[in-house]
Structure formats: structure tokens, C-alpha cells
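These notes are about the structure you will find just below.
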Amino acid sequence: MVSETSLSSSKRSPATPKFCNSFTTRIFADVAGDITIVVDGESFLLHKFPLVTLSGKIRKMVAEAKGSNVSSLELINFPGGHQTFELAMKFCYGMNFEITTFDVARLRCAAEYLEMTEEYREQNLISRTDIYLNEIVFQSLQKSVEVLSTCEMLPPDTVDEIEISNGCVEAIAMNACKEQLVSGLSKLDCDGKSEELKEDCVAWWVEDLSVLRIDYFQRVICAMGRMGVRSDSIIASLMHYAQSSLKGIGKCQFWNPSRTNSSPTSVEKDQRIIVETLVSLMPTDKSSSIPLTFLFGMLKMAIMLGATIPCRLELERRIALRLEMVSLDDLLIPSLQSGDSLFDVDTVHRLLVNFLQRVEEEETEDYGYESDGFCSSGHGSLLKVGQLIDAYLAEIAPDPYLSLQKFIALIEILPDYARVIDDGLYRAVDIYLKAHPALTEQECKKLCKLIDCQKLSEEACNHAAQNDRLPLQMVVQVLYFEQLRLKNALSGSSGDGLLSQRISSGVPSAAMSPRDNYASLRRENRELKLEISRMRVRLSELEKEQMFMKQGIIDKAGNGRTFLTSLSKGIGRIAIFSSQGGGKRQKSGRKSRGSEGKTGRSRRYSVS
């Protein structure tokens, strides 16, 4: 077993060697050297005998030199430089010196360069360094990472040829698997304890991997994946590596248009390689869950550094799989194009395209297995995304550089059944109209046509009826549907006729193919779900109005009246609304209540 802290040679020279820091290094203080070896400009005055005894390369160089009086040799491209050569010479002269994880890789490459094999002596430098690597370094994950990080300063051909890097990579992956098994047992002991302790039990070595160069880090993560390391540990390693290696990217670079026109620096090229590599290393199994904040952070980095299109598309695809869980702040991606909108609207548009494709694929997979509930998981996700996009539209609407085409494209991409109520859409359109007063009348009409007046709440209708920014045609439609709604509410209509009509229209035709029948039924099912959602909203509004009516009846009651008298009069007034002869009284009461609520409720939608 080789010692971890020291490495000694059994061969002793007749005099004690001494290394100096002078330009010409003398090995013996009392015996004159007979050969000078130059390494990286540093000269070493040495003796031929101990060198040719252990080094096959120096023996060949001395033999090939003309004459026996050769006094100077130069070692070109010596691995590790003159410091490593000095350690190798100490070994040749039999001096004791410490060997550590920092210099074992350099010593192994130097021994390979000097051909210090067993052919010239048993337990030569190659075998001694191999023993240290196998018995000490490869048994520890931390030491393997330290040795692998030192390989970055050595010639890659030599490191790969003697398989130091491969040995370290495999050792790291194997020790990570062992730690995973141990942490699995420790995690059972960690149950009921703090979350910090549980995280420490999972993977303490995640931070150690961040010191590696990106190519070595990639090889380590691939080896871990082959050996079965958990996805959450790999994701944690990717996140920590990104946080430690991409610190230099500042937010100010997003808002500097001149920065995009200049050629990327070497640092930015390295960071781009890091981003692309980390994206390629993300686990592909469905059980792994990468935090959305990390995905959006990587997407912003990829956009800013000019990463490849496949890299950006992969990030967008992963985000679109869980778009209903995204927050509004995540979607506010700054745009790097000069003269364009302040926010990257095109990226959000592609996210929506991927999301809708995913919803369509899920519905196709569920062919013939429709849910019995009122709202399937896909439709629920679509409703959440609809609310998210309406909020996003309201956030980017004040941008003076946002074109009408892009704004309309974001509205039109979502289907009609993605919005139960168009209040959010109306608010976004109103903000856009206020921020872009130069729009023509035709452009205003084109934009306002996207709002379904029948899907506006009473508060939104009240605000729209007084909004001078809207086209006159839309104001007339709002007033018409509001009057129709009041008429239906007063007549007690609940929309059963329309609902039964849509149900009867969903009967499949015998002339249609089974696939067309399924598509038609699925369409009708969506419409029914949307109609039910609207009816629920209308019902909640009627319940609120009834509460207001009851509160008004109680307030109008005199102080001297008893509770029973007030209650009987309130019941009598409610009965009037259901009678046929009380039409005028209904209208006047409705009108007064509408005028009272109009001023208060319209404040919610005011954007002025």
C-alpha cells in the first residue's frame, strides 16, 4: 500500500542532492554535473548515470547524440513544466518528496514522457503513480474530482492515452452510485428532520463537480446517467454548475442593443458552449422535474449568448410541457433586437404553439375515452394558460414598439374555449389602444373584433359602454348584449333552451366518418363545458344581485317595524319581480341599481 502523503525511492545517490531556484539548477553541491537538461527555458545541471538508469527517453537521447561527450539536452513540450520535471528528478536521485492529488496526474504524464517503465527498474515512477491512483485517488469521489481538475492543464492526448481522465470519470460515477445507496439509507433516518439535513443526505458532492471544465463535467454526467444515478442529483449538479459558471452575465447586457452587433468575446463563446452542453445533459425521463425558473434562466442565457436553434427549441419544448404552471414574471423575457418590442414576444408565441400541440396530442391519445367530468385536465390547463396570456398581454400592451400584428397573433393563437370570460382580454386591448393612439379606425376595429361581447361581465360591460377609445360598433354590441342579458335575467331564463339546442346538434351524422364524428363530438363537448362555465358565472352574478336586493330591503325598513313585518314586505317585493304586471317597476328598480353600481364597478377597469 502506497502512502498518501509521501513517495520515496529505495535507490540512494552517493551524495545528497540539492535543488535550487536559480536559473541553472545544480543537483549536487559537491560533485560537478556532466549534463544539462533544459525544460521550458529552465536549465538543470544533472548527472547522466541516475537519469539513464531510470529514464528510457533520456537513455535514447544520449545514445543517439553524436559522440559520448554530450553535455546538453532539451525536452520539448514536457507535461507539467519544469516543476514536474524537478519532482521526477528527485525520484531519480532517490529523494523523499510528498505526492498529492494536485501533482499525481502531472507526475504520471511526466513518467510516460520519460519512459520510466518497469523495463529499467522495478517500482519505477509509472508503477508508483499508478498504485497511488488506484489505491488512493480512485477510492474517493472528492480526490478523483481534484485529480480530474488538474488534467485540464496537461496535454489532452497524453491524459487520454494513459487513461487518467477515464479512470477519474468512472471513479466519480461509481462513487456517486455508492453515495446514492448510502444516502438512500440515510434518508430513512432523516425522515422527520429538517429539510436542510435531507438535502445533505441526498448529494453532498454536487458542489464538487462545479470545479471541472465543461468537457470533463459532461463526461462525468454521462457516466452517472449510465450507472443509474438519480435524476434529481443530476439536475442539482446541472443547476449548481450553471450558477457557478454563468455568474458573469449581467442584466445590463440584455438592454444594450449595440452589444448584439459586436462579435462575441472568448468568454461569451465559452459561456455559450456551457449553456448548450448543460441543455444537452438534462434528463429526458418523464419522472424528472426541472424547476421552471432554471429552465427560463437557461432560455434567457441561450437567447443572449446566441446559442444554437436546437438548444433554444429544446428549452422551449420543456417549458411548454408545463406552461400552465408558469408565472407572469417568467414570460417577461427582454428582447435583444434593436428597434423591436421591449419583450421577446416571438418566444412566447412559440411556447404557446408547443403547448397547444401538447394539448392536441393528449386529446388524440385519449380518443374514445372522454372524461365524465365537466372539465378535463387538458381543458383546465388551457383555461389557466388563457388567464396567463391575458395577464401577459396587459403587461406588454403599454410597449410603444409592440406591433399590432404581434399583439393580435398572441390573441388569435388561443382557441375560443380557452377563455370563459373576456374581461382580461378586454383590459389588455384597452391598454393597447390607450398606448397606441395612432392606430387607424380599421386597425381598432380589427383588434376589437377579437373580443366576444357576450363573454364580458357586467362590470366590463359598464366600463366598455363609457369607453371612448372603442369603436362605435363595439359599444353598440356591448349595449345590445347587456340589454339582452338583463331581459333574460328578468324573465327568469337560465339558458336551458340554448343548452338543449347545442346538445341536440351534437348528434353524429351517419354520413360522417368515425373520426369526423369524434372530432364533432369533442367540439360540442368543449362548447358545452364553456357554456356551463358561463352559466356558473351568470349564476354567481345573479346571487350577488339578490344579496344586494335583500340588503336594500332591510335598509329601507323603518326603525319601528318588527322583523316579521320587514320580512313579509321583502318577500312581497321579491314576488313582484316574478309577476307579469310589474314590468315598469322592474325596469325602474333595475335601472336605479345599475346606475348606483356603474360608477363604483367601472373603477376596476379604468386604465386612464
Side-chain angles (χ1 to χ4, degrees), residues 340-343 345 348-349 352 385-489 495 498 527 530-531 533-534 537-538 541 590-591 594-608:
D340 199 0
S341 59
L342 298 178
F343 299 98
V345 181
V348 178
H349 190 273
L352 286 174
V385 172
Q387 296 177 357
L388 175 65
I389 295 304
D390 288 346
Y392 176 76
L393 290 171
E395 193 72 25
I396 66 174
D399 181 8
Y401 302 103
L402 179 61
S403 64
L404 180 63
Q405 290 75 14
K406 290 186 176 181
F407 191 74
I408 291 179
L410 282 177
I411 298 175
E412 290 180 336
I413 190 173
L414 286 177
D416 180 71
Y417 55 87
R419 295 181 176 93
V420 178
I421 298 180
D422 277 8
D423 287 12
L425 180 59
Y426 166 73
R427 178 172 176 268
V429 170
D430 190 28
I431 295 174
Y432 188 86
L433 292 176
K434 182 182 178 182
H436 300 79
L439 291 177
T440 63
E441 184 178 356
Q442 295 298 327
E443 290 175 338
C444 291
K445 290 182 179 179
K446 182 180 179 180
L447 180 58
C448 292
K449 281 182 179 179
L450 301 175
I451 302 175
D452 189 353
C453 297
Q454 300 185 68
K455 295 166 64 176
L456 293 177
S457 64
E458 184 178 356
E459 291 83 358
C461 288
N462 293 335
H463 185 274
Q466 305 175 14
N467 194 345
D468 56 355
R469 288 184 289 269
L470 299 180
L472 182 60
Q473 182 181 2
M474 180 177 177
V475 176
V476 173
Q477 289 181 358
V478 169
L479 293 175
Y480 170 75
F481 288 115
E482 180 65 13
Q483 186 177 6
L484 185 62
R485 182 191 307 168
L486 292 175
K487 181 179 178 181
N488 293 333
L498 178 61
E527 293 179 359
L530 185 60
E531 186 64 29
S533 300
R534 291 177 183 172
V537 174
R538 298 290 181 261
E541 292 180 356
R590 183 71 175 186
K591 184 176 180 180
S595 60
E596 290 173 1
K598 186 178 298 184
T599 57
R601 295 172 184 172
S602 60
R603 294 175 187 173
R604 241 175 104 178
Y605 294 87
S606 178
V607 294
S608 57

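Just so we're clear, the structure is a prediction, and the values are computed from it rather than from any experiment.
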Between Asn467 and Val475, does a side-chain contact (heavy atoms from CB on, under 4.5 Å) hold up when you go through it step by step?
-> CA-CA 8 Å; Asn467 194 345; Val475 176; over 6 Å; no
Can Val345 and Ser403 be said to form a side-chain contact (heavy atoms from CB on, under 4.5 Å), step by step?
-> CA-CA 10 Å; Val345 181; Ser403 64; over 6 Å; no
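Every residue was checked against the side-chain hydrogen bond (donor to acceptor under 3.5 Å, both in side chains) condition with Asp422, not counting sequence neighbours, and none meets it. With sequence neighbours excluded, the residues satisfying side-chain contact (heavy atoms from CB on, under 4.5 Å) with Pro415 are Leu356, Leu382, Tyr417, Ala418. Listed by chain and residue number, nothing satisfies the side-chain hydrogen bond (donor to acceptor under 3.5 Å, both in side chains) test with Asp452 (two or more places apart in sequence, or in another chain). For Glu395, the side-chain contact (heavy atoms from CB on, under 4.5 Å) partners are Leu328, Leu332, not counting sequence neighbours.
Side chain of Lys434 to main chain of Arg469: no donor-acceptor pair is present (N/O by atom type, distance under 3.5 Å, no hydrogens or angles). With hydrogens and angles ignored, the 3.5 Å screen pairs a side-chain donor or acceptor of Asn462 with a backbone N or O of Glu458.
Nearest heavy atom pair, residue Leu410 against residue Ile413, reads O-CG2, 3.3 Å. Ala465 and Val478 get closest at one heavy-atom pair: N-CG1, 4.5 Å. Shortest non-hydrogen contact noted between Asp399 and Leu342 is OD2-N, 2.7 Å. Residue Phe407 comes nearest to Ala428 through the heavy atom pair CZ-O, 3.9 Å, listed as atom of the first residue, atom of the second, then distance. The two atoms that bring Ile411 and Arg419 nearest to each other are O-NH1, 3.7 Å, heavy atoms only. Contact record, Cys453 with Met474: SG-CG, 4.2 Å, taken as the closest heavy-atom pair.
Rounded to the nearest 0.5 angstrom, Ile451 CD1 and Asp423 CG are separated by 10.0 Å. To the nearest 0.5 Å, atoms CD (Gln387) and CD1 (Ile421) are separated by 9.0 Å. Summarising the geometry, atom CG belonging to Leu450 is positioned 15.0 Å from atom OH belonging to Tyr426; distances are rounded to the nearest 0.5 Å. In this structure, CD in Gln473 is found 6.5 Å from NZ in Lys449, a value given to the nearest 0.5 Å. Note: Ile396 CD1 to Leu402 CG = 5.0 Å, rounded to the nearest 0.5 Å.
Listed by first and then second residue, the ring-ring contact (aromatic ring centres under 6.0 Å, His included) pairs that reach into residues 435-462 are Tyr432-His436, sequence neighbours excluded. Sorted by first then second residue, the salt bridge (Lys or Arg N to Asp or Glu O under 4.0 Å) pairs that include residues 470-479, not counting sequence neighbours, number zero. Sorted by first and then second residue, the salt bridge (Lys or Arg N to Asp or Glu O under 4.0 Å) pairs involving residues 402-414 (not counting sequence neighbours) are Asp340-Lys406, Asp346-Lys406.
Under 4.0 Å is where a charged nitrogen must lie from a carboxylate oxygen, and between Asp416 and Lys455 at least one such pair does.
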Could you go through residues 437-445 and list every donor-acceptor pair under 3.5 Å that involves a side-chain atom there, pairing it with any protein atom two or more places apart or in another chain?
from: Thr440; atom 1: OG1; to: Glu443; atom 2: N; distance (Å): 3.3
from: Glu443; atom 1: OE1; to: Thr440; atom 2: N; distance (Å): 3.1

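Partner of Leu425 under the side-chain contact (heavy atoms from CB on, under 4.5 Å) criterion, out of Leu414, Leu393, Leu456, Asp430: Leu393 alone.
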